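All remarks here apply to the structure that follows.
All values reported here derive from a predicted model rather than from experimental measurement. In what follows, chains carry the letters A, B, and so on, assigned in the order in which the sequence lines appear, proteins first and then strands, with residues in each chain numbered from 1.
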Amino acid sequence: MKYLEEFSDPELAGRLLDQIHAVTTRPWAIMEVCGGQTHSLIRHGIDQLLPAGVEMIHGPGCPVCVTPLEIIDRALEIASRPGVIFCSFGDMLRVPGSDRDLFRVKSTGADVRVVYSPLDALTIARQNPDRQVVFFGIGFETTAPANAMTVYQAKRCGVRNFSLLVSHVLVPPAIAAIMESPSCRVQGFLAAGHVCSVMGTGQYPDLARRYRVPIVVTGFEPLDLLEGIRQTVTQLEEGRHELANAYPRAVPAAGNPAAIAMLRDVFTVTDRAWRGIGVIPDSGWRLSAAYAEFDAETRFAVGDIHTAESSVCRSGEVLQGLIKPHECAAFGRRCTPRTPLGATMVSAEGACAAYYLYRRLGQPAPTAPTDARPAREVARA
Amino acid sequence: MCLAVPGQVVAIGERNGTPMGEVDFGGVRKDVCLQYLPDTAVGEYVIVHVGFAIQRLDEQSARETLATIARMGLLAEEFGGGPAMQPATGEPEGVNR
Ligand code: SF4
């Protein structure tokens with residue numbers, strides 16, 4: 001798999017950095033939407049090698065982080081019911097609900113199981129026909145095809161003891177919501193590569209035009225991120241705002257048509273609350289009428305659980321790029337990955353956890369300098 | 001959990017009427033659902049997320065991207081020496097994709 005490793009080649013990374021420094025004449029604020037990209041940027045220290053004025057704002061693209069509190073509380077309620085096997089991706093277990101998390105529920109005797117794939121939950125349902133098996137179906141467009149296929153299979157094979165607690169969120173409406181916000185500082189976007197591997201790039205040219213922001217589809221390796229940033233800065237410097245694809249090896253313009261067809265069949269667009277941000281219109285998927293019988297919220301009548309957020313955690317501001325994680329007073333003190341107060345500290349893709357793991361504490365946030373000349377001295381990787 | 005990982009398809013089969021493949025991730029092998037890439041062939045690289053192949057990796061465009069980046073450095077040197085290149089002159093044609 002040689003050519004894959006080449007995407008972290010330090011020499012080529014140096015060339016890209018040089019190029020970014022060469023084209024940058026002014027400060028720019030660029031948001032990477034995806035939490036996986038946040039993780040990779042911080043881990044490789046890429047944001048610190050950029051010209052001084054080029055700031056990376058960490059977006060709301062960690063599905064664990066934006067799953068709303070009331071959905072977590074509904075999951076906790078369902079998982080506590082007798083006879084239920086509650087299946088989830090591992091990183092949801094420590095996400096704090098109103099008064100506990102799934103891990104705590106599990107330790108008090110509930111049957112909570114970590115699975116690698118939603119198909120594993122379906123297998124568990126087949127093996128336990130006398131139990132109710134629920135899968136916690138969260139995620140962006142990248143994860144939705146897996147959950148859609150699982151519900152489709154459940155229906156096709158008549159696995160009636162399976163259901164899905166759905167909280168899917170969608171990237172394009174989030175980009176629109178960020179740009180509509182009066183406090184928005186974002187001037188360009190790195191669009192999440194694997195979301196586009198599924199959905200294609202068709203939804204983005206309109207957004208780029210409407211909000212006059214460059215949107216560059218970007219991958220996850222160091223060279224991918226640098227190339228995405230380079231293309232974004234180049235567009236900004238030239239006054240352009242277009243969709244560009246810096247991750248063509250994994251993103252055909254049409255995405256994955258088979259997955260899109262399945263998503264259209266199984267899901268339907270709905271308003272969705274984003275943890276820390278609030279309700280964004282048409283920003284999520286729920287099960288379509290044809291699959292309504294597999295909706296865990298209805299099956300367990302938990303739809304009327306509504307809850308409010310704790311006041312300490314500032315993850316909403318983090319997720320909107322208004323503050324950096326270490327500007328939260330609880331960061332690294334009351335709030336750590338072992339004792340998370342907010343979801344952004346739980347998931348490895350959450351901005352708070354990424355800063356905690358890879359950044360020295362107390363480091364000041366990069367601020368746009370008044371003298372906007374690129375700081376070339378720091379260019380070399 | 002958003003992580004999607006590239007791997008190589010080493011075998012193709014079927015389970016409960018669903019096309020499945022065995023995918024090698026640098027030595028670790030996993031069963032992966034191929035329903036969304038039904039015409040995948042053994043030997044191809046795919047991107048896998050939570051047990052599903054969501055897209056194929058196109059080696060040709062991977063190579064092109066790497067070549068463009070490599071060329072970028074050379075052009076920058078030609079046009080006046082890498083890091084010292086003046087921003088005001090804009091990018092040379094062909095660098096900008
Ligand atoms: S450090 Fe903890 S409390 Fe502060 S915003 Fe991040 S998750 Fe919330």
Side-chain angles (χ1 to χ4, degrees), chain A residues 1 3-4 6-7 9 12 14-16 18-19 21-25 34-36 61-64 89-92 116-120 138-140 142-143 145-146 149 153 157 192 194 197-198 223 227 231 234 237-238 244 246 248-252 255-256 258-259 262 347 349 374 376 379, chain B residues 1-4 6-8 15-18 20 24-26 30-33 35-38 45-66 68-77 79-80 82-91 95-97:
Chain A
M1 226 193 288
Y3 73 91
L4 296 176
E6 286 169 41
F7 281 91
D9 181 286
L12 290 180
R15 289 182 185 206
L16 273 172
D18 287 349
Q19 197 69 24
H21 280 260
V23 296
T24 305
T25 65
C34 172
C62 160
V64 176
F89 297 128
D91 37 11
M92 292 307 286
Y116 160 68
S117 166
L119 283 179
D120 300 340
I138 65 147
F140 280 91
T142 322
T143 317
M149 177 66 70
Q153 297 279 10
C157 306
H194 293 146
S197 294
V198 172
L223 291 195
E227 175 62 3
Q231 291 197 26
T234 304
E237 290 284 345
E238 292 173 359
R249 71 181 183 283
V251 178
N256 184 323
M262 178 66 77
S347 159
E349 288 146 33
R376 141 112 2 116
Chain B
M1 62 149 292
C2 255
L3 211 64
Q8 187 175 31
R15 194 199 299 153
N16 302 322
T18 307
M20 299 290 291
D24 180 277
F25 303 92
K30 269 192 188 297
D31 284 339
V32 163
C33 178
Q35 179 95 38
Y36 291 130
L37 292 175
Y45 285 92
V46 292
I47 300 176
V48 175
H49 177 65
V50 298
F52 286 75
I54 55 169
Q55 198 50 265
R56 257 191 193 87
L57 266 186
D58 178 25
E59 177 159 3
Q60 166 106 17
S61 36
R63 297 247 164 258
E64 280 165 18
T65 303
L66 288 166
T68 310
I69 296 171
R71 201 158 58 229
M72 192 180 302
L74 296 180
L75 275 177
E77 273 156 37
F79 279 76
M85 193 174 89
Q86 286 308 303
T89 59
E91 284 191 304
V95 168
N96 199 0
R97 285 182 305 135

Per-residue contact mode, B:Val32 against chain A (heavy atom under 4.5 angstrom): neither

Side chain, backbone, both or neither: which part of B:Ile54 has a non-hydrogen atom closer than 4.5 Å to chain A? both

Identify which of B:Val46, B:Ile47, B:Leu37 forms the greatest number of heavy-atom pairs closer than 4.5 Å to chain A. B:Ile47

Could you check A:Glu6 against B:Arg63 for side-chain contact (heavy atoms from CB on, under 4.5 Å), going step by step and ending with a plain yes or no? CA-CA 10 Å; A:Glu6 286 169 41; B:Arg63 297 247 164 258; 3.8 Å; yes

Can you check whether A:Asn256's main-chain N or O pairs, donor with acceptor, with B:Tyr36's side chain at less than 3.5 Å? no

First locate atom [atom1] of [X], then atom [atom2] of [Y], and finally report the distance between them rounded to the nearest 0.5 Å.
X: B:Ile69; Y: A:Phe7; atom1: CD1; atom2: CZ; value: 6.5 Å
X: B:Gln35; Y: A:Leu119; atom1: CD; atom2: CG; value: 10.0 Å
X: A:His194; Y: B:Gln55; atom1: NE2; atom2: CD; value: 9.5 Å

Any residue meeting side chain to side chain contact (heavy atoms under 4.5 Å, CB included) with A:Ala192, in chain and number order, not counting sequence neighbours: A:Cys34, A:Val195

A:Ala146: what forms a side chain to side chain contact (heavy atoms under 4.5 Å, CB included) with it, not counting sequence neighbours? A:Pro118, B:Val50, B:Phe52

Looking only at A:Asp120, A:Val198, A:Leu12, A:Asp9, the option with the highest number of non-hydrogen pairs under 4.5 Å against chain B is A:Leu12

Residue part contacting chain B, namely of A:Gln153, when any heavy atom lies under 4.5 Å: side chain

Which atom pair, heavy atoms only, marks the closest approach of A:Thr142 to B:His49? O-CD2, 3.3 Å

Taking side chain as C-beta onward, heavy atoms only, is B:Asp58 less than 4.5 Å from A:Pro248? no

